[in-house]
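Contents: one structure, followed by commentary.
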Amino acid sequence: SVFTLDPEIAKAVRTTFVSLYKKGLIYRGLRMINWCPRCETALSDLEVDYVEEAARLYFVRYPIVGEGGMPLPDYVTVATTRPETMVADSGVAVNPSDDRYEEKIGRMLMLPIMGREIPVVGDDAVKPEFGTGAVKVTPGHDPNDWEIGQRHDLPVIIAMDLQARMNDEAGPYAGMSAEDARTAILGDLDDEGFLDHVEEYTHSVGHCSRCSTVIQPLPSEQWWLDTRKEYEPGHSLSGDAAAAVRDGRIGIVPQRFEKVYLNWMDNIRDWCISRQIWWGHQIPVWYCENKHTIAAVEDPAACPECGGALRQDEDVLDTWFSSGLAPHADLGWPEETESLRYWYPTADIQMGYDIMFFWCARMVMFGLYNMRERGSEGSMPFRKVLFHGLIRDANGEKMTKSKGNVVDPLIMAEKYGADAFRFAILTGATLGSDQRFSDERMIAARNFANKLWNSARFVLGKVGPREVKSPHPADRESFALEDRWILSRLEQLESEVDFSMRAYQLGETARSIEEFLRSDFCDWYIEMTKVRLAAGDERPLAVLLHALDHGLRMLHPFMPFVTEELWQAVRQRIDGDMAAQLIVAWFPKSGGNWKDASADAAMEHVIEVNRTIRNVRTEKKLEAGARPTVFLRAAGNRWALEETLSATIFTSRVDARVVAADAELPPAEYGFGRVADTEIAVALPEVDLAQERARLEKELAEAAGHAERLKKQLANEQFRAKAPETVVAGMQATMLEAEARASGLRERLEAL
RNA sequence: GGGCGGUUAGCUCAGUUGGUUAGAGCGCGUCGUUCACACCGACGAGGUCACUGGUUCGAGUCCAGUACCGCCCACCA
């Protein structure tokens, strides 16, 4: 692992800085910057959060100055949201095409209160429809005005210090906070009749993303990185970074974020990389007493030009400057290390979409630049970047420290377990979408981990100290129906997992594994093995262990700790080549030749029959301890029902027997059910005929309706012609089953 | 002003090449001390997939539009 201020990283940072400096991409310049008066540092555009705020728009009259410097009774009214900055006004701008002000351009105005004369200039940036169409120009305190000022050569007056207090330029308001100055100035304007009127107004105000203090735009000398400038013909940092995504060398998942990335990259502006804080990499630039400037990787002892004494620039770099180097710097760059050779570029990287610009964009730019000797493929920091969503609080609000609604992962791990926390978040939403934090989900995940633990305990307990050989498909015939079924299901799961993992559908993957383990493995397979194991049949052991082994392997990325712990026990019971740890063990993939369509279909039937038995039990309110006699009048699936009969007897708590479809039932009262061509008759102590009829009618309506819908669909020529064969065939089969069920129920009703 | 996402069971959310009766967990109802698990099990109730129109043999899924919620970007004096 690596720490930002490690010497190796410092070297990478300095090497990058010096290289870019020599190429002329990094420069020092006086520009309008975002200044946080509380942190007392410059910020990049990305570190400013804009918030809509209710404010006021103040309309102030600026008298026109006549010959000899005397104010005329005529005036230009300007609209401003920040009257306190008027002390630093150096002009008033109007749109040159605005008839109202055409003749005013070039005239002088008297700045109220200050008494200074300022010119009226024409500038296209002014929108005639806004306010009065005339805007006061304050180049020292507004980015737009800075631009206008530059175009018209207006002086830059800075009337605030770095803590946002009014300075001597503010005359009578010197020493006041901006807020106090605003109140005082408005009072004075009003007293002297310069305040025309005030309107309610909403606009967005920039705040420091760290401390929420209102940002002051100020002209300041800072270090900048020009990402658009070509460092060699045809290549710029942002141009290359956009191209890499555009031509698919770097894939963004989910894809919709591509547009966001490109939009930002294509409209990128110079990055302010210097900060006036104490923590960070100090800028590797030195100044000598003779005004030489030296950028160097190693600290120079004296000025290489004149030998004079040196002073290092006091600013530090934006931390994202070093973070952006992570993919190659962490591997040892600028040294040609073994790790760098082997691991760069990495395959996948993952982050919240909220740091796409901060981190991802910078990693791409720096990676492509620093590693450019490797060519367009080899220089990329990663091939795929996954953007996950944000965790919001239970009310859907963004988690922030100031709101105090954050969730501490360590506390969650303590409360529910690290695996449960991880699993809940991984399965909580689709990749790229936000999710609400919910304790219910944490509990559910914890319960699943517990369930897994207990199921493994069962398997391991039954296997005992022996070593078991994994089942082999060649021996398929020697396995029971449910064995073949669970192995088939496992293999099907493996294909699904392979598919969804390749598509980066992490949540879907985890959910399908959970579904398999909970439902197929625990609810059905384990339950069905109990009676066999009790009878001394050891064949299920190998299957149990095999399914558990593979399940743990697949679940490992989603629940690393529990699975590793359990697998340590599993690996010792399996006779074969097993890795020392699950984390380095191979990941299952399909191809084991266990798929078995007939077992799938047969078991599905068995499961449905058992469900029906239990349903009748419940509906007829049989006592929990009762073991009613059940006749399964079977046709096509008779063999399957017979093979699993003992499991049915055990898990559905009945005294069941399979008979031929046309077998006579001994005289008794029965509750009936039907699955495809199998009739289920549950002997009952008494039958409420009306209730039984109602139940059967409901079932019949369901089955008949279903069959009817499918029949109609199948009768459609267009459908038969255009739908894929498998769909038609599958529907045909389902329709026949539904019909068999319906006709069986109909017969039963008539018999009643 | 641009761009993007969401709207599916009471709640939180899945549902990726359109295809047989739309799923999970939680919650709810009934039952249960069967030797892995009550952090459990069995059975069940619960959805016109926001709305309108279109394409198609077939639409939660594709297209167009509407409504509401949310996010991102942009120098709205």
Side-chain angles (χ1 to χ4, degrees), chain A residues 32 50 57 78-82 93 125-127 130-132 134-138 142-147 201-204 217 256-257 259-260 263-264 267 353-354 356-357 390 394 396 398 424 427-430 432-441 443-462 499-500 503 505 507-508 511 514-515 518-519 522-523 526-527 530 534 611 614-619 621-625 650-653 702 705-706 709-710 713-714 716-724 726-728 730-735 738:
Chain A
M32 205 67 186
Y50 288 90
L57 194 54
V78 301
T80 179
T81 52
R82 302 183 63 201
V126 180
K127 291 186 194 132
F130 188 92
T132 60
V135 55
K136 71 189 202 60
V137 182
T138 322
D142 184 277
N144 284 313
D145 295 4
W146 168 265
E147 302 287 330
Y201 187 62
T202 324
H203 67 152
S204 62
R256 66 185 143 91
F257 286 121
K259 218 167 161 179
V260 181
N263 181 54
W264 186 80
N267 296 295
Y353 64 74
D354 57 331
M356 177 193 295
F357 308 141
L390 277 27
K398 193 172 171 179
T427 55
T430 319
S433 318
D434 294 352
Q435 63 178 297
R436 290 176 191 223
F437 179 86
S438 92
D439 280 298
E440 290 74 26
R441 282 200 85 90
I443 291 167
R446 183 254 272 151
N447 291 353
F448 172 54
N450 190 253
K451 178 96 182 163
L452 177 72
W453 180 269
N454 281 309
S455 65
R457 237 183 44 177
F458 171 82
V459 173
L460 293 165
K462 292 295 181 191
F499 179 82
S500 53
Q505 301 288 317
E508 268 307 284
R511 276 185 291 269
E514 177 183 3
E515 166 75 13
R518 275 197 117 103
S519 173
C522 290
D523 293 349
I526 284 185
E527 290 308 314
K530 283 178 180 172
R611 286 219 170 100
R614 297 172 194 178
N615 187 350
V616 173
R617 279 192 74 107
T618 303
E619 296 227 334
K621 300 202 189 304
L622 290 183
E623 278 177 37
F650 175 74
T651 62
S652 295
R653 288 167 294 129
E702 216 172 84
H706 187 201
R709 274 193 299 279
L710 295 175
Q713 175 86 315
L714 285 161
N716 186 328
E717 285 304 320
Q718 297 268 29
F719 170 71
R720 298 196 82 101
K722 293 185 182 172
T726 52
V727 172
V728 178
M731 198 178 281
Q732 178 76 31
T734 313
M735 191 272 283

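Throughout, a chain's letter reflects where its sequence line sits, starting with A, and its residues are numbered from 1. Computed from heavy atoms alone, side chains included, the values below leave out hydrogens, waters and symmetry copies. Predicted model only: the values in this text are computed from it and were never measured.
In plain terms, the two heavy atoms of A:Pro143 and A:Pro217 that are nearest each other are CD-CB, 3.8 Å.
To the nearest angstrom, C1' of B:rG25 lies 8 Å from CZ of A:Arg518.
Comparing B:rC76, B:rC75, B:rC43 by their closest approach to the side chain of A:Asn144 singles out B:rC75. Comparing atom distances between the A:Arg256 side chain and each of B:rC37, B:rU20, B:rC4 picks out B:rC4 as nearest. You'll find that the side chain of A:Phe357 is closest to B:rC72, out of B:rC26, B:rC72, B:rC39. Taking the side chain of A:Glu440 as heavy atoms from C-beta on, and the options B:rU21, B:rA14, B:rC26, the nearest nucleotide is B:rC26. The side chain of A:Arg441 lies closest to B:rC13, out of B:rC76, B:rC43, B:rC13. Side-chain atoms of A:Lys722 lie closest to B:rU56 of the nucleotides B:rU56, B:rG44, B:rA77. Among the nucleotides B:rC31, B:rG3, B:rC73, the one closest to the side chain of A:Asn263 is B:rC73. Nearest nucleotide to the A:Thr81 side chain, out of B:rG41, B:rC57, B:rA77: B:rA77. Closest to the side chain of A:Met731, from the set B:rA24, B:rU20, B:rC31, is B:rU20. Closest approach to the A:Arg653 side chain among B:rG19, B:rA36, B:rU34 is made by B:rU34 (side chain taken as heavy atoms from C-beta onward).
An OP1 or OP2 oxygen of B:rC13 is reached within less than 4.0 angstrom by no side-chain nitrogen or oxygen of A:Thr430. Of the side-chain N and O atoms in A:Tyr201, one or more sit less than 4.0 angstrom from OP1 or OP2 of B:rA77. Between A:Arg611 and B:rC43, a side-chain N or O to OP1/OP2 separation shorter than 4.0 Å is present.
A:Arg518 contributes no side-chain N or O that, together with a main-chain N or O of A:Lys451, makes up a donor-acceptor pair within less than 3.5 Å. Put simply, the side chain of A:Arg457 never gets that close to the backbone of A:Leu452: no donor and acceptor are under 3.5 Å apart.
Between A:Phe448 and A:Asn454, the residue whose closest nucleotide on RNA chain B is further toward the 5' end is A:Asn454.
Between the side chain of A:Lys127 and the base of B:rA77, no donor-acceptor pair of N or O atoms lies under 3.5 Å. For A:Glu527 against B:rA36, a side-chain-to-base donor-acceptor contact under 3.5 Å is present. Applying the 3.5 Å distance criterion, the base of B:rU12 shares no donor-acceptor pair with the side chain of A:Ser438. Residue side chain A:Lys451 reaches the base of B:rC37 through a donor-acceptor N/O pair under 3.5 Å, judged by distance alone.
Nucleic acid contact class of A:Gly428 (heavy atoms, under 4.0 Å, all strands): sugar-phosphate only. As judged by a 4.0 angstrom heavy-atom cut-off over every strand, A:Arg720 is placed among residues making no nucleic acid contact. Among the heavy atoms of the strands lying under 4.0 Å from A:Val126 is at least one base atom, whether or not backbone atoms are also near. At a threshold of 4.0 angstrom between heavy atoms, the contacts of A:Pro724 include nucleobase atoms, whether or not backbone atoms are also involved. As judged by a 4.0 angstrom heavy-atom cut-off over every strand, A:Arg446 is placed among the base-contacting residues. Backbone-only engagement by A:Asp523 is indicated by non-hydrogen atom pairs under 4.0 Å involving sugar-phosphate atoms exclusively. Among the atoms of the strands shown, none is found under 4.0 Å from any heavy atom of A:Ala394. Residue contacts for A:Lys530: at a heavy-atom cut-off of 4.0 Å it reaches a base atom on one of the strands shown. Nucleic acid contact for A:Ser204: base, since at least one base atom lies under 4.0 Å from a heavy atom of the residue. Using a 4.0 Å heavy-atom criterion, one finds that A:Ala444 contacts the sugar-phosphate atoms exclusively.
Taking CG of A:Leu622 as the reference point, atom CZ of A:Arg614 lies at 14.0 Å (rounded to 0.5 Å).
When side chains are defined from C-beta on, A:Trp264 does not count as touching A:Met356, because their heavy atoms never get closer than 4.5 Å.
Separating the C1' atom of B:rU20 from that of B:rC57 is a span of 14 Å, rounded to the nearest Å.
Relative ring orientation between A:Phe130 and A:Tyr201 is described as perpendicular, the plane-to-plane angle rising above 60° on a 0-90° scale split at 30° and 60°.
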